[in-house]
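Encoded as structure tokens, the structure appears first; notes follow it.
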Amino acid sequence: NATDPSVPQCKREVASIFDHSAPTQQASIASVTDDAGSITGLIANNGLTDDVTPMLGGTLTAALALCETLEVYRDGVVIGKATVNGTQWT
């Protein structure tokens, strides 16, 4: 797998090299959805929710490059990785 050209370089089982340069894309949150508890559906701006982990969705200013990821943070801690399709993410 380490030398298989059909496997993207970042997915190969080799020593990792991390690129710590600032990303060129900017992410924005377009929707927040409550999918748990007694109140469900889209949460309005400044709205209330009883969901401790609402689902976020949004857009990117440009698509991610191969092997780039979009991570979601809460209070400086990664709480998940978004699923990205072009410039849309959830």
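Atom CG in Leu56 sits 8.5 Å away from atom OG1 in Thr33 (nearest 0.5 Å).
Nearest approach of Ala27 to Leu70, heavy atoms of both residues: CB-CD1, 4.0 Å. Shortest non-hydrogen contact noted between Leu42 and Ser31 is CD2-CB, 4.1 Å. Contact record, Ile43 with Pro54: CD1-CB, 4.1 Å, taken as the closest heavy-atom pair.
Under the side-chain hydrogen bond (donor to acceptor under 3.5 Å, both in side chains) criterion, the residue pairs touching residues 39-49 are Asp34-Thr49, with sequence neighbours excluded.
The shortest distance between side-chain heavy atoms of Trp89 and Leu64 does not fall below 4.5 Å.
Annotation: side chain to side chain donor-acceptor pair (under 3.5 Å) contacts of Ser28 (sequence neighbours excluded): Thr59. Partners of Ser38 according to the side chain to side chain donor-acceptor pair (under 3.5 Å) rule, which considers only residues two or more places apart in sequence or in another chain, are Asp50. With sequence neighbours left out, the side chain to side chain donor-acceptor pair (under 3.5 Å) criterion links Gln25 to Glu68. In terms of the side-chain contact (heavy atoms from CB on, under 4.5 Å) criterion, residue partners of Asp35 (sequence neighbours excluded) are, by chain and number, Asp51.
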I'd like a table of donor-acceptor pairs (distance under 3.5 Å, sequence neighbours excluded) in which one partner is a side-chain atom from residues 72-85, with atom names and distances.
from	atom 1	to	atom 2	distance (Å)
Tyr73	OH	Glu71	OE1	3.1
Arg74	NH1	Val52	O	3.4

